[in-house]
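Counting starts at 1 for both ligands and their atoms, following the listed order. Sequence positions, counted from 1, serve as the residue numbers for this chain.
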Amino acid sequence: MKKTYTYGKQSISWGDIWSVVKTLRSSHLTQGPKIQEFEQALCAYTGAKYAVALANGTAALHLAALALDIKSGDEGITSPITFMASANCILYAGAKVQFADIDPATALIDSLEIEKKITPHTKVIIPVHFAGQSCDMEAISALARKHNIAVIEDAAHAIGSLYKGTKVGSCTYSDMTIFSFHPVKTMTTGEGGAIMTNRKDLYDKLIQLRTHGITRNADKLTHNDGPWYHEMQSLGFNYRMTDMQAALGVSQLKRLDAFVEHRRDLVEQYHREFAGDERFTLLQEHSDSKAAYHLCPLLINFDKIKLNKKELFASLAQQGLHLQVHYIPVHLQPFYQELGFKPGDFPHAEKYYQQALSLPLYVDLMPDDIKNIVKIIKETACTK
Ligand SMILES: *Cc1c(COP(=O)(O)O)cnc(C)c1O
């Protein structure tokens, strides 16, 4: 049978399986010791003081926005080239979304464009470390400090990445950083997410919001009826991760550095194989960055080839290459167009979308797979 490829998938070892099985046979399936163990491991890995494990990355973005007290009348700025959750979390909190266009060389949010979108109502900037490469956090944190704005790093693509020698997730340049552990991401817990922070005030709020806004902390109670007593002090949610998920996370985190090295090797090979071919461009990695690539988008110069994007996509699928496009610019989604955004608003993001296809990138791929994939693409995208 012909080998088929998707753009991403998980790698599950016997060690990962055993870790989950042990938890299944333990006394706690949720709210048990594996959550704390995973959170401590995330802190040790990133260097941040606090971690809050959550049901998914979207819940992490939602709670991060709420912990900052973002509300109606406020504004938040994010990239149009992202998964919609990066923008939706601003709307969940009742605030208004603004986008800032990308730098075409990296597809990362451009700090000069962010500055143009800042108003007296701007309360948060959510830079997205697209494809795994960190945004220019020094410039973004300087802007945020100057205008008294909070920063949430959306690092759903970037666990394991470095920026200026510091781990993404250390929160050196931000108030909070969020991760996603969906199976297509660099490491997985099935569904899952986390918030990293160095701020105790935010950590305390997040812990409450994760479990219905309830606290049992004696220092925080308004009074105390007895040992059973607990209080709901804010309108929280059930956004908890299970212990089986955390057990998988603990095991996957031990493999993360090996995942990252392998993914970087694959991306390097794609660069070599596509080099010097004017039909194709890959995103650039800037010198401050060591990216744990979640994605490897290929930019195709459709002026030079016979097929249009739809035709190319269909033909590649027929040959076993089931790719994806990351992303349809968020401002072009019908829901966002109803909020007033329209085609033409963010020209770099829109041009990027016309050209981009995400290449297969996952740990099971070997150098021969990359050769094979590149060969299929080059043959299918024949020149005019
Ligand atoms: C995957 C992703 C999310 C959301 O994570 P889930 O765990 O799927 O909820 C948020 N932002 C970005 C950029 C993502 O890629």
Quick one: nearest non-hydrogen protein atom to atom 8 (O) of ligand 1, plus distance?
-> S180 OG, 4.0 Å

Decide whether the shortest distance between a heavy atom of S86 and an atom of ligand 1 is less than 4.0 Å.
-> yes

Residues in ring-ring contact (aromatic ring centres under 6.0 Å, His included) contact with Y353, at least two apart in sequence or another chain | none

The answer for which part of N56 has a heavy atom under 4.0 Å from ligand 1 is both

In terms of hydrophobic clusters joined by side-chain contacts under 4.5 Å, are I126 and L63 together?
-> yes

Could you tell me whether some N/O pair between E191 and ligand 1 is separated by less than 3.5 angstrom?
-> no

Looking at atom 15 (O) of ligand 1, what's its closest protein heavy atom, distance included?
-> H157 NE2, 2.8 Å

Show which atoms of ligand 1 fall inside a sub-4.0 Å distance from at least one heavy-atom site of G192.
-> 7 (O)

Between the candidates D154, V128, T189, which shows the shortest non-hydrogen contact distance to atom 10 (C) of ligand 1?
-> D154

Ligand-residue contact atoms, ligand 1 with T82, heavy atoms, under 4.0 Å = 13 (C)

Using a 4.0 Å heavy-atom cut-off, say whether Y327 meets ligand 1 through its side chain, its backbone, both or neither.
-> side chain

State yes or no: are the ring centers of F179 and Y45 separated by less than 6.0 Å?
-> no

Assess the side chains of Y239 and H62: does a donor N or O sit below 3.5 Å from an acceptor N or O?
-> yes

Can you tell which part of H294 has a heavy atom less than 4.0 Å from ligand 1: side chain, backbone, both or neither?
-> neither

Taking atom types as modelled, find out whether Y336 and N88 have a side-chain donor-acceptor pair closer than 3.5 angstrom.
-> yes

Polar atom proximity, H182 to ligand 1 (N or O, under 3.5 Å) | no

Would you check the N or O atoms of G57, main chain and side chain alike, for any that come under 3.5 Å of an N or O of ligand 1?
-> yes

Between S234 and Q208, do the side chains contain an N or O donor and an N or O acceptor separated by less than 3.5 Å?
-> yes

Between the main-chain N or O of K220 and the side-chain N or O of Q233, is there a donor-acceptor pair closer than 3.5 Å?
-> yes

Is the closest side-chain heavy-atom distance between T78 and F99 below 4.5 Å?
-> yes

Look at ligand 1 and say whether A59 reaches it with a heavy atom at a distance under 4.0 Å.
-> no

The one among H326, K185, M84, H62 that brings a heavy atom closest to atom 14 (C) of ligand 1 = K185

Per-residue contact class, T58 against ligand 1 - non-hydrogen pairs under 4.0 Å = both

Parallel, tilted or perpendicular: rings of F130 and H157 (30°, 60°) | tilted

Should the ring pair H294 and H326 be called parallel, tilted or perpendicular, given that the plane angle runs from 0 to 90° and is split at 30 and 60?
-> perpendicular

Starting from atom 12 (C) of ligand 1, find the nearest protein heavy-atom neighbour and note its residue, name and distance.
-> A156 CB, 3.4 Å

